[in-house]
Amino acid sequence: MQSFRTLLLGAEPVSEFSILLLLLVLLLRNFSCSSTGAVKISSFSMAFEAPQSLNRSTQLMVPRDSPRHEVSGTPRASRGLFNRWACGREFRVDSLSISQQNLLVNDGPTSVDFVRHDEFLKDDEIPVVDMALFEGDADTSKKSVEQMVNACEEWGYFYLVNHGVELELMEKVETQAYEFFQLSTAEKEKHASHYSLLEKVKRWSEGIILKPAETNLDDYDNQLSPPENNHEFSTVVKEYDDVMKKLAKRIVKLLVVGLGVKAWRFDEFLEGVEATLRWNYQPPCPRPENAMGLSPHTDPYLITLQHDSGIGGLQIYRKGEWLGIPPRADALLVNIGDVFEILTNGKFQSPSHRTVVNKVEGRLSVAHCLAPAKMVTLIPPPELLRSAPNQYKARTYAEYMGARKRQESSNSLEFMKLPTSV
Ligand SMILES: O=C(O)CCC(=O)C(=O)O
Ligand SMILES: [Fe+2]
C-alpha cells in the first residue's frame with residue numbers, strides 16, 4: 001500500500017481515507033467523460049440511421065472566433081489526410097471557418113449583378129432531354145439526340161429526365177454529403193486547402209472535391225462512423241461513381257455521334273476517364289446580396305452531372321445576364337465543361353455559372369464531373385476541323401489544368417484560344 005500511495009501522491013504520507021477519496025473523485029471524473037462520449041456518439045449515429053431527421057440548414061455555422069491558426073499552419077503535415085491532399089490535391093474543403101475570416105457580409109458592397117436564389121427562368125426555358133426517348137424508334141431517338149446536341153450548342157446546359165439513376169441512390173449520396181458537412185470544423189478541415197483565402201469574392205460556402213479513384217475513402221468511413229461499424233461512405237460513393245460514370249460516358253458518346261463524329265474517335269478521350277466529385281454546401285447567410293456561394297466559373301472537365309437539394313441558387317451567365325436555374329428533383333442537370341468545348345472545337349459551350357446563397361435554408365449540391373486522363377492531348381477529331389481550323393491550343397489535359405491555375409482564371413477559356421488568323 002505504501003508504494004502505491006507513493007506512486008499516486010508522491011513521497012508525502014497520506015491517510016487511507018484521502019486515497020479512497022481521491023480514487024472516488026477519479027472514478028467519478030472518468031464516468032462523466034465516458035458518458036459525454038456516449039452521448040456524442042449516439043446522437044451522431046442517430047443522425048446516420050435517420051437522415052430524414054437531419055436539420056439540413058443548421059449546424060454548419062462555425063463560431064466567429066474559430067481559430068484560424070489551426071488550419072493555416074503546417075503542423076498538419078503529419079496527418080495522413082492532409083498529406084495526401086498536399087501531394088495529390090485529391091480533395092479539398094473550403095471551410096466556412098476559413099472564409100469567414102475575410103467575410104464581412106455586413107459591411108461589404110452589395111453585388112451589382114445580384115439575382116435572388118428564387119428568381120428563376122421559366123421552367124420551359126432550359127432544355128429538357130428525355131432519355132427514355134433514346135430507346136424509342138430510330139427517328140425518335142435521332143430527334144432526341146439532335147435536341148441534346150442543340151442544347152449543348154446553345155446553352156451548354158440541359159436537364160436530363162428518365163436518366164435511370166435511382167432516386168434512392170441520389171438520396172444516399174446526399175445523406176453522406178450532409179453527414180460530412182455536419183462534422184465538426186476541425187474534422188472537415190483535415191481536408192482543407194485554404195483555397196478560399198485567395199479568392200476575391202466573399203464566399204459563403206463549403207466544398208469538398210474528391211476523386212474516388214485516388215482518394216482513400218476509408219478515411220472518410222472512419223471519420224463518419226466508428227471504423228468497425230461500416231463502410232457506408234465508401235460503398236455509397238463507389239456505387240454512385242460507377243453508375244454516374246457509365247451514364248456520363250453514354251451521354252458523351254451520343255453527343256459526339258450526334259455531331260457527326262465517329263464514336264471510336266472519342267475512345268482515346270474516354271479511356272482512363274476519372275470522376276471528380278464536387279459536393280458543395282451553403283449555409284443560410286444573413287446578407288446573401290453581399291456574398292457568393294460559388295463564384296463565376298466554368299467546369300474544367302468533359303461533362304458534369306449534378307443534383308441539388310431543390311432550393312435554388314445555381315445561375316448561368318447567358319446573353320449578358322445571370323439566369324436562375326429552377327431546381328428539379330427528378331432530373332440531373334448536365335453541363336458541358338471546358339474539355340468538351342475544346343474537343344468540339346467550340347461547337348459546345350462551357351457555360352459560366354455561379355451559385356448565390358439565401359437567408360433561410362442551407363443548400364447542398366452534388367456534382368459528378370468526368371475528366372480525361374492527364375496525359376491525353378486535347379485535339380478535336382478531324383470531322384470537327386473540316387469547316388474551321390482548331391480554335392484552341394493543342395495541350396494535354398494536365399497542361400490545360402496547369403495553365404488554368406497559372407492564369408488564375410477559372411471563368412474563361414481565353415487562355416486556350418489560338419490567335420485568329422486574318
Ligand atoms: O451548386 C451548384 O449547383 C453548382 C456546383 C458547381 O458548379 C460546381 O461544383 O462546379
Ligand atoms: Fe461548376
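Keep in mind that this is a model prediction, so the values were computed, not measured. Below, all heavy atoms of this structure are taken into account, side chains as well, without hydrogens, waters or symmetry copies. For this chain, numbers begin at 1 and follow the sequence in order. Each ligand, and each atom within it, is numbered from 1 in the order the structure gives.
At a heavy-atom distance under 4.0 Å, only side-chain atoms of Leu294, from C-beta outward, approach ligand 1. When heavy-atom distances to ligand 1 are checked against a 4.0 Å cut-off, Thr304 has no atom that comes that close, whether in backbone or side chain.
Those atoms of ligand 1 that come under 4.0 Å of a heavy atom in Arg363, given as number and element, are 1 (O), 2 (C), 3 (O). Every atom of ligand 1 is numbered from 1 in the order shown, and the set under 4.0 Å from a heavy atom of His353 is 7 (O). Atoms of ligand 1 lying under 4.0 Å from any heavy atom of Arg278, numbered from 1 in the order shown and given with element: 8 (C), 9 (O), 10 (O).
What sits closest to atom 4 (C) of ligand 1 on the protein, heavy atoms only, is Gln306 OE1, 3.2 Å. Atom 1 (O) of ligand 1 has Ser365 OG, 2.6 Å as its closest protein atom, hydrogens excluded (heavy atom only).
Remark: aromatic rings of Phe181 and Tyr178 are distant, center separation not under 6.0 Å.
Paired with Arg363 under the rule side-chain hydrogen bond (donor to acceptor under 3.5 Å, both in side chains), one option of Asp308, Asn358, Thr355 passes, and it is Asp308.
Salt bridge present: Glu135 and Arg250 bring a charged side-chain N and a carboxylate O closer than 4.0 Å. The existence of a salt bridge linking Asp338 and Arg404 is confirmed by a sub-4.0 Å separation between a basic side-chain nitrogen and an acidic carboxylate oxygen. Between Arg287 and Glu289, at least one side-chain N (NZ, or NE/NH1/NH2) sits under 4.0 Å from a carboxylate O, which counts as a salt bridge.
Heavy-atom minimum distance, Glu268 versus Val376: O-CG2, 3.6 Å. Contact record, Ala388 with Asn345: O-ND2, 3.3 Å, taken as the closest heavy-atom pair.
Ligand 1 has no N or O atom lying under 3.5 Å from any N or O atom of Thr355, backbone or side chain. Taking distance alone, with nitrogen or oxygen atoms compared against 3.5 Å, Asp308 stays at or beyond that limit from ligand 1.
The number of heavy atoms from other shown groups lying within 6.0 Å of NZ (Lys417) is above 12.
Atoms of the protein (N, O or S only) found under 2.8 Å from the Fe ion (ligand 2) are His297 NE2, Asp299 OD1, His353 NE2.
Within the 4.0 Å heavy-atom shell around ligand 1 one finds His297. Put simply, no part of Arg354 is less than 4.0 Å from ligand 1, judged by heavy atoms.
Ring geometry for Phe180 versus Tyr220: interplanar angle of 30 to 60°, hence tilted. Aromatic ring pairs are classed by plane angle as parallel below 30°, tilted from 30° to 60° and perpendicular above 60°; the pair Phe266 and Phe269 is perpendicular.
Distance CG/Asp299 to CD/Glu341: 12.0 Å, rounded to 0.5 Å.
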